[in-house]
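Computed over heavy atoms, backbone and side chain alike; hydrogens, waters and symmetry mates excluded.
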Amino acid sequence: MRTSFVADHPIPPAAIEELAERGLPALRELAIGSRLEQDAALAIAQVFGPQLARLDCRRARFSDAGLARLRESVAGDVVLGAEPPGRMLDVSVRPREPWLDYGHVTIAT
């Protein structure tokens, strides 16, 4: 399973803990499409990193020590650097969001 995680506001630790409790055992690729604080990105990596083949953190900023911790937490590749041109497809739990120009999107896990 591949997914993108986007938030326009700081992610509270309780939200990350809730995701961890729900578990996403089929998750293998995760793109963090938000400008996250280092601590939030590291918390996400600690929860899901051992099962990930790829973690895309292009919008997060890390100190040297934080980057080392991130790489240690993720089993697979960590993608950093400049964002690719274009835009990712936004997906929501409400498939009729006004910004979703592609009709109904169903995600099967």
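Considering only residues two or more places apart in sequence or on other chains, Gln46 meets the side chain to side chain contact (heavy atoms under 4.5 Å, CB included) condition with Arg69, Ser73. In terms of the side chain to side chain contact (heavy atoms under 4.5 Å, CB included) criterion, residue partners of Val47 (sequence neighbours excluded) are, by chain and number, Ile16, Ala20.
Counting only distance, with no hydrogens or angles, the side chain of Gln51 and the backbone of Leu27 share a donor-acceptor pair below 3.5 Å. Remark: side-chain polar atoms of Asp56 are paired, donor with acceptor, to backbone N or O of Arg58 under 3.5 angstrom.
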Would Leu55 and Leu70 count as a side chain to side chain contact (heavy atoms under 4.5 Å, CB included) if you check the C-alpha gap in whole Å, the side-chain angles of each, and the deciding distance to 0.1 Å? CA-CA 10 Å; Leu55 176 62; Leu70 179 75; 3.8 Å; yes
Audit row: Leu30, Arg54, side chain to side chain contact (heavy atoms under 4.5 Å, CB included) steps and yes/no: CA-CA 6 Å; Leu30 178 62; Arg54 182 175 186 261; over 6 Å; no
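The closest side-chain heavy-atom distance from Asp77 to Arg71 is not below 4.5 Å.
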Under 3.5 Å donor-acceptor pairs involving side-chain atoms of residues 61-68, not counting sequence neighbours:
{"unit_1": "Ser63", "atom_1": "OG", "unit_2": "Gln38", "atom_2": "OE1", "d": "3.3"}
{"unit_1": "Ser63", "atom_1": "OG", "unit_2": "Gly66", "atom_2": "N", "d": "3.0"}

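The two residues Ala41 and Ala60 come nearest to each other via the heavy atoms CB-CB, 4.3 Å.
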